[in-house]
There are 4 protein chains.
Amino acid sequence: MKNEKELRRQTIIEIAAREFAEKGYDNSNINEIATMSGIGKGTIYLYFKTKKELYLATMQTVVDLFNESSKNVLNLEVTPLEKLKVCMELLFRFEEEGLPFLILWSRYQFQNNPDFQDEVHALFKDLEQPFCNIVKQGVKEGTFNTPYPEEAGYLILSMVTMLIPSLQAKPLLENVSKEEKVEFLVNLIQNGLSCKAIN
Amino acid sequence: MKNEKELRRQTIIEIAAREFAEKGYDNSNINEIATMSGIGKGTIYLYFKTKKELYLATMQTVVDLFNESSKNVLNLEVTPLEKLKVCMELLFRFEEEGLPFLILWSRYQFQNNPDFQDEVHALFKDLEQPFCNIVKQGVKEGTFNTPYPEEAGYLILSMVTMLIPSLQAKPLLENVSKEEKVEFLVNLIQNGLSCKAIN
Amino acid sequence: MKNEKELRRQTIIEIAAREFAEKGYDNSNINEIATMSGIGKGTIYLYFKTKKELYLATMQTVVDLFNESSKNVLNLEVTPLEKLKVCMELLFRFEEEGLPFLILWSRYQFQNNPDFQDEVHALFKDLEQPFCNIVKQGVKEGTFNTPYPEEAGYLILSMVTMLIPSLQAKPLLENVSKEEKVEFLVNLIQNGLSCKAIN
Amino acid sequence: MKNEKELRRQTIIEIAAREFAEKGYDNSNINEIATMSGIGKGTIYLYFKTKKELYLATMQTVVDLFNESSKNVLNLEVTPLEKLKVCMELLFRFEEEGLPFLILWSRYQFQNNPDFQDEVHALFKDLEQPFCNIVKQGVKEGTFNTPYPEEAGYLILSMVTMLIPSLQAKPLLENVSKEEKVEFLVNLIQNGLSCKAIN
DNA sequence: AATGAATGAGGTTTCATTCAT
DNA sequence: GATGAATGAAACCTCATTCAT
């Protein structure tokens with residue numbers, strides 16, 4: 001019973017995520033979400049009081065999925081750099097396993113997305129930022145050295161995102177393997193751009 | 001005469017940019033844009049055939065402003081690193097001098113913004129990416145060393161953007177001076193995160 | 001179920017016919033049609049995608065009503081002249097039983113009505129012209145004698161229409177009974193204006 | 001001076017007639033009429049206070065043109081039948097010499113045209129109906145024999161109109177010469193459809 | 001519980017008309 | 001006198017939401 005309700009709720013959210021990701025909030029259509037979910041329009045409203053609530057539930061799922069995914073990285077018994085790699089790979093994997101949610105995440109994380117900013121912001125308060133944690137941890141352990149660890153974490157996040165083609169207007173390194181991307185990024189983080197001349 | 005028309009056109013675009021940046025395309029209201037521009041609703045339609053056209057004209061202005069701003073950097077007679085600095089400062093300055101346009105730029109540059117993707121994409125084909133050019137130039141001159149110069153340019157861009165508080169859901173280094181941010185970034189680019197332990 | 005939908009569709013069309021007949025297409029108002037139908041504005045759009053489509057559906061109904069009405073005349077076992085009479089009476093009767101549809105019919109049949117000419121023309125391709133058929137039949141049987149039977153049919157049609165007061169700017173024979181009108185017309189068709197002098 | 005003003009007024013009316021005939025009142029556009037007249041939009045309003053007034057002036061011109069055209073027929077020293085012929089030819093000639101005005105005339109004369117019915121009706125009060133006059137005269141002289149001379153005039157009018165292809169949804173006798181049409185009509189008026197069998 | 005027919009607020013767009021130049 | 005830029009009322013249409021079945 002309860003499971004079935006919960007399952008249907010998830011189905012709706014998944015379809016909604018596809019719509020919201022593809023068309024944005026305003027151009028997404030409750031009717032179409034219902035049809036594509038294989039249920040009646042009125043039924044949507046048994047699960048979500050309003051379109052806005054459905055949107056927020058979808059964004060909550062974004063947060064949950066990301067937290068779920070990054071949950072165990074911090075406790076891995078590996079070097080901070082290894083953790084960074086694992087974390088990057090996790091993010092890259094989202095492109096295949098949950099693109100709509102990835103798009104919604106990025107739209108909020110990096111864009112001044114105007115859809116219910118306050119409410120979404122409140123949800124994202126709970127979003128773990130593993131890159132930040134790793135860098136902070138690394139700094140504590142003496143592995144990394146930066147005056148702004150938290151910010152460094154966000155910078156890494158933004159760089160990884162940059163290399164996810166589906167999220168970019170101009171796709172970058174489309175045909176490069178994830179391993180190479182990770183290597184590229186790690187190298188960059190380790191050595192900067194190697195400005196010998198200035199050193 | 002003609003100047004006056006062009007001036008009014010610019011006024012409308014500026015107000016529109018504010019609206020689009022704040023509320024997004026769909027929730028922006030031609031009526032309100034007219035009122036805030038101090039002109040009649042119908043007048044908007046003398047300058048722009050449709051709301052969509054106004055939006056695209058606004059996005060074209062975004063491209064123009066950014067190109068205008070970065071035009072002369074590449075030809076400066078300074079080291080690539082200095083150029084990077086100048087370029088970063090330019091970007092930071094947008095926050096004060098043209099925030100709505102900066103927001104619209106970022107919304108397209110980093111978000112999968114679904115509003116007229118194809119048309120906006122076509123406009124952004126003409127957008128210069130000075131960071132990319134500088135890195136490429138630096139690689140040629142031997143100052144920088146990276147297998148993916150273009151991509152490195154975009155990564156720098158995304159990092160600078162990360163440090164512009166107005167563009168971030170969670171503002172970073174809000175009270176840090178631009179000079180320090182530039183220094184932070186340049187240092188990062190030069191030395192990575194100084195992972196001595198791994199070296 | 002289905003019947004109820006169909007019934008409501010017919011109701012809308014009837015109200016719409018009244019509006020279109022009275023005010024013309026452009027000055028008819030979906031809102032008002034809705035109100036007069038006792039339903040909401042949006043409901044109209046459940047039955048007809050656009051105002052134009054409602055108009056065309058109304059014109060289709062015109063064709064259907066006229067065809068329905070004239071269906072059985074041709075097969076009557078009476079002389080062509082008798083058929084003409086029956087047919088005239090049918091037309092006269094429309095004034096009382098479906099004036100709006102009669103007006104819309106005449107507006108298209110005799111006026112260069114500019115509302116969606118091509119589309120309406122396509123609909124009227126299916127409109128039976130019983131007067132034409134009767135004259136053709138009569139010519140074949142030797143009852144009538146005219147070089148242009150089809151055209152003669154249309155001429156009769158136009159004459160009958162002329163004697164329907166509701167369709168004329170200057171009402172003719174307003175207080176004359178239909179029987180007398182029919183007699184007048186039949187006499188004219190049989191004998192013309194009896195120009196003895198010229199004979 | 002005055003002549004020039006009057007001339008320009010006529011030009012506007014002619015262009016307006018074309019627009020009104022082609023698109024109907026509501027879909028005709030003052031701006032377009034101005035442009036096609038080669039004058040400014042505001043200038044139209046120096047000649048006609050409103051669009052409606054321009055329309056009514058155009059319809060007044062219709063009446064004037066028709067009256068002008070039929071003025072001298074009644075006084076011709078020929079038989080009523082000959083007068084009918086001349087009158088028919090006059091009407092046929094309108095198709096080539098003033099089609100827009102002919103269309104506007106027919107739209108009002110035979111259709112329940114809803115554009116300013118009362119006002120247009122008032123104008124048409126002054127419209128001569130030569131066919132009616134001729135028949136009445138013919139009846140007086142004993143040439144014609146009909147209980148409803150006025151109505152017979154209108155019937156003839158409607159028949160002639162039927163044979164003007166530009167006025168009909170389904171053009172009739174498109175490739176038949178006017179002379180033959182006149183002959184056809186005159187014969188019909190004289191002898192009807194020659195129902196020998198019934199005689 | 002599930003449905004989808006019905007609703008009407010709200011926003012874009014057109015165009016007759018005005019008026020400052 | 002002539003102009004056309006500016007205006008805003010009005011109408012079509014969409015779609016989130018409700019509710020009777």
Side-chain angles (χ1 to χ4, degrees), chain A residues 1 4-5 8 25-35 37-55, chain B residues 1 4-5 8-9 12 25-35 37-55, chain C residues 1 4-5 8-9 12 25-35 37-55, chain D residues 1 4-5 8 25-35 37-55:
Chain A
M1 266 325 123
E4 201 177 327
K5 279 210 67 161
R8 189 176 270 209
Y25 177 78
D26 286 294
N27 290 307
S28 292
N29 187 309
I30 288 282
N31 205 9
E32 196 164 342
I33 292 172
T35 305
S37 303
I39 62 176
K41 184 177 12 180
T43 310
I44 299 273
Y45 284 85
L46 297 180
Y47 291 81
F48 306 94
K49 268 206 292 290
T50 63
K51 185 187 181 185
K52 175 180 173 182
E53 197 171 280
L54 170 57
Y55 178 71
Chain B
M1 276 316 128
E4 204 174 325
K5 280 211 69 161
R8 186 171 273 217
R9 209 185 112 97
I12 297 174
Y25 177 79
D26 286 293
N27 290 306
S28 293
N29 185 311
I30 287 280
N31 222 337
E32 196 164 341
I33 292 174
T35 305
S37 303
I39 62 179
K41 181 182 8 178
T43 310
I44 300 278
Y45 284 88
L46 293 181
Y47 291 81
F48 306 95
K49 270 204 289 291
T50 62
K51 184 185 180 187
K52 175 181 174 181
E53 198 171 277
L54 170 57
Y55 178 71
Chain C
M1 274 314 128
E4 202 174 326
K5 279 210 72 159
R8 186 171 273 215
R9 210 185 112 96
I12 297 173
Y25 178 78
D26 286 293
N27 290 307
S28 293
N29 185 313
I30 287 280
N31 223 337
E32 196 164 341
I33 292 173
T35 305
S37 303
I39 61 178
K41 180 185 6 179
T43 310
I44 300 277
Y45 286 89
L46 293 182
Y47 291 81
F48 307 94
K49 270 204 289 292
T50 62
K51 184 186 180 186
K52 175 180 173 181
E53 197 171 278
L54 170 58
Y55 178 71
Chain D
M1 267 325 124
E4 200 175 329
K5 279 211 68 159
R8 186 175 273 210
Y25 177 78
D26 286 294
N27 291 306
S28 293
N29 185 309
I30 288 282
N31 204 9
E32 197 165 340
I33 292 173
T35 305
S37 303
I39 62 177
K41 183 177 13 178
T43 311
I44 298 273
Y45 284 85
L46 297 181
Y47 292 79
F48 306 94
K49 267 206 293 290
T50 63
K51 185 186 181 186
K52 175 181 174 182
E53 196 171 280
L54 170 57
Y55 179 71

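A quick note: this is a predicted structure, and the numbers were derived from the prediction, not measured.
Taking the centre and axis of the six-membered ring of D:Y25, the NZ or CZ atom of D:K51 falls inside the cone set by 45° and 6.0 Å.
Of all non-hydrogen atoms in A:T50 and A:Y45, the two that sit nearest each other are CA-CE2, 4.2 Å. A:K49 and A:E53 get closest at one heavy-atom pair: N-OE2, 3.0 Å. Of all heavy-atom pairs between B:I44 and B:I12, the closest is CD1-CG2, 3.7 Å.
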Item to complete: Report, as a single string ordered 5' to 3', how protein heavy atoms within less than 4.0 Å touch nucleotides 11-17 of chain F: B base, S sugar-phosphate only, - not at all.
Response: SSBBSSB

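In DNA chain E, runs of at least 3 consecutive Watson-Crick or G-U pairs, each pair with both distances below 3.5 Å, span E:2-21 with F:2-21.
Atom-to-atom, CD1 of C:I44 to C1' of E:dA5 comes out at 14 Å; the value is rounded to the nearest Å. One interatomic measurement links the two molecules: CD1 of C:I33 to P of F:dA10, which rounds to 18 Å at whole-angstrom precision. Remark: C1' of E:dT21 and CD of B:E4 are 11 Å apart, rounded to the nearest angstrom. Atom CD1 in C:I39 sits about 20 Å away from atom P in E:dG4, given to the nearest Å.
Within the nucleic acid shown, D:F48 has no heavy atom closer than 4.0 Å to any nucleic acid atom.
For the atom pair A:I39 CD1 and A:Y47 OH, the distance stands at 6.5 Å (nearest 0.5 Å). To the nearest 0.5 Å, atoms NZ (C:K41) and OG1 (C:T43) are separated by 11.0 Å.
The side chain of D:R8 places an N or O atom within less than 4.0 Å of a non-bridging phosphate oxygen (OP1 or OP2) of F:dA2.
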Worksheet entry | D:T35 vs D:E32, side-chain contact (heavy atoms from CB on, under 4.5 Å): CA-CA, chis, key distance, verdict | CA-CA 5 Å; D:T35 305; D:E32 197 165 340; 5.5 Å; no

